[in-house]
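By convention in this document, chain letters (A, B, ...) are assigned in the order of the sequence lines, proteins followed by strands, and residues within each chain are numbered from 1. FYI, side chains are in, hydrogens and waters are out, and symmetry mates aren't considered; it's all heavy atoms of this structure.
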Protein chains: 2
Amino acid sequence: MEDHALKYDPEESGSKICEVLQILKTKWAFLVLDELLKGPQRFNQLQRNASVIKTQSLTDTLRHLERMGLVNREVFPTVPVTVKYSLTEKGADFQLALKEMERWVDKWGGRNPASAE
Amino acid sequence: MEDHALKYDPEESGSKICEVLQILKTKWAFLVLDELLKGPQRFNQLQRNASVIKTQSLTDTLRHLERMGLVNREVFPTVPVTVKYSLTEKGADFQLALKEMERWVDKWGGRNPASAE
DNA sequence: CGGTATCCCGAGAGATACTG
DNA sequence: CAGTATCTCTCGGGATACCG
């Protein structure tokens with residue numbers, strides 16, 4: 001399994017942004033983190049709230065974020081197993097970046113600014 | 001040509017983050033924007049400074065960002081053509097998000113915090 | 001409920017060569 | 001210099017089925 005996707009070295013490329021991208025790995029990470037900011041959630045909740053993400057991608061993303069230390073996974077051995085996902089301090093701290101991006105998209109919309117079209 | 005990749009509707013998915021991801025489209029966008037924050041650059045400069053991005057991907061990304069209104073492209077009909085890429089107001093405004101991510105990666109590093117490994 | 005296991009496809013991205 | 005044109009290939013990710 002291992003870490004795999006290190007096609008380039010962040011240090012070498014000279015950009016911290018690269019490092020961020022590698023930690024998050026896929027775009028879904030942004031979405032999952034954003035979703036978990038609303039509070040801890042169980043797997044199915046996440047799936048419903050972020051329904052654009054498919055089961056497999058969601059698991060992958062969660063596992064990855066867990067390994068990167070952004071997400072906590074707690075298992076409760078109840079009758080049907082219950083699993084709670086929550087943000088770690090590291091994960092929660094990413095919220096400022098997310099909020100900034102939301103502010104940005106809020107301000108600039110999806111398209112060109114002066115495009116009357 | 002058109003807009004193509006709208007596999008899901010941002011509104012429907014309920015997340016502005018999705019919208020951001022669609023505007024940027026690929027991870028390279030982050031890197032290119034970050035690079036252009038240092039000032040306007042010509043194609044080859046960008047390629048050298050962000051050498052992890054290959055020619056084709058760089059063009060794609062630049063064209064995309066241009067269409068999304070984040071980047072300006074100016075052509076100077078000098079002897080060998082000169083092309084200058086710079087950020088638009090919209091593009092430059094994304095810098096806060098980038099800086100936030102850099103602060104974050106700076107603080108939390110690439111790995112788990114308490115991971116003694 | 002909370003996943004894992006597969007199969008499959010398309011797009012992102014690498015490498016190389018060529019052009020106005 | 002600043003790209004475009006291909007070709008290939010990997011991998012993210014969709015769909016579906018099954019398991020503890």
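Which of C:dG12, C:dG2, D:dG3 sits closest to the side chain of A:Phe43 comes down to C:dG2. Nearest to the side-chain atoms of A:Pro80 among the listed nucleotides D:dG13, C:dG2, C:dC1 stands C:dC1. Considering only the side chain of A:Arg42, C:dG2 comes nearest among C:dA15, D:dA2, C:dG2. Here the nucleotide nearest the side chain of A:Arg73, chosen from D:dG3, C:dG12, C:dG3, is C:dG3. Closest to the A:Asn44 side chain, of the nucleotides C:dT4, C:dA13, C:dG2, is C:dG2.
One finds a side-chain N or O of A:Lys54 lying less than 4.0 angstrom from the OP1 or OP2 phosphate oxygen of D:dA15. For B:Tyr85 and D:dC1, the shortest distance from a side-chain N or O to OP1 or OP2 is not below 4.0 Å. The phosphate of C:dG14 (OP1 or OP2) has a side-chain N or O of B:Ser57 nearer than 4.0 angstrom. The side chain of B:Thr78 places no N or O atom within less than 4.0 Å of a non-bridging phosphate oxygen (OP1 or OP2) of D:dC1. In terms of phosphate contacts, A:Thr26 brings a side-chain nitrogen or oxygen within less than 4.0 Å of OP1 or OP2 of D:dG13.
Whole-Å rounding puts the B:Glu74 CD to D:dC1 P distance at 19 Å. Atom CH2 in B:Trp28 sits roughly 13 Å away from atom P in C:dG12 (whole-Å rounding). Atom P of nucleotide C:dG12 and atom NZ of B:Lys25 are separated by 5 Å, given to the nearest angstrom. Summarising the geometry, the separation between CG on B:Leu24 and C1' on C:dA13 is reported as 17 Å, rounded to the nearest angstrom.
Comparing A:Val83 and A:Gln56 against DNA chain C, the residue whose closest nucleotide sits nearer the 5' end is A:Val83. Nucleotides of DNA chain D nearest to B:Thr82 and A:Asp60 differ in position, and the one nearer the 5' end is that of B:Thr82.
Of the possible donor and acceptor atoms, one in the side chain of B:Thr88 sits under 3.5 Å from a partner among the backbone N and O of B:Gly69. Side-chain N or O atoms of B:Lys16 include none that pairs as donor or acceptor with a backbone N or O of A:Leu98 at under 3.5 Å. Remark: side-chain polar atoms of B:Ser57 are not paired, donor with acceptor, to backbone N or O of B:Ile53 under 3.5 angstrom.
Using a 3.5 Å distance cut-off with no hydrogens or angles, the side chains of B:Asn49 and B:Gln41 do pair a donor with an acceptor.
For B:Arg103 and A:Asp93, the salt-bridge test passes: some basic side-chain N is under 4.0 Å from an acidic carboxylate O.
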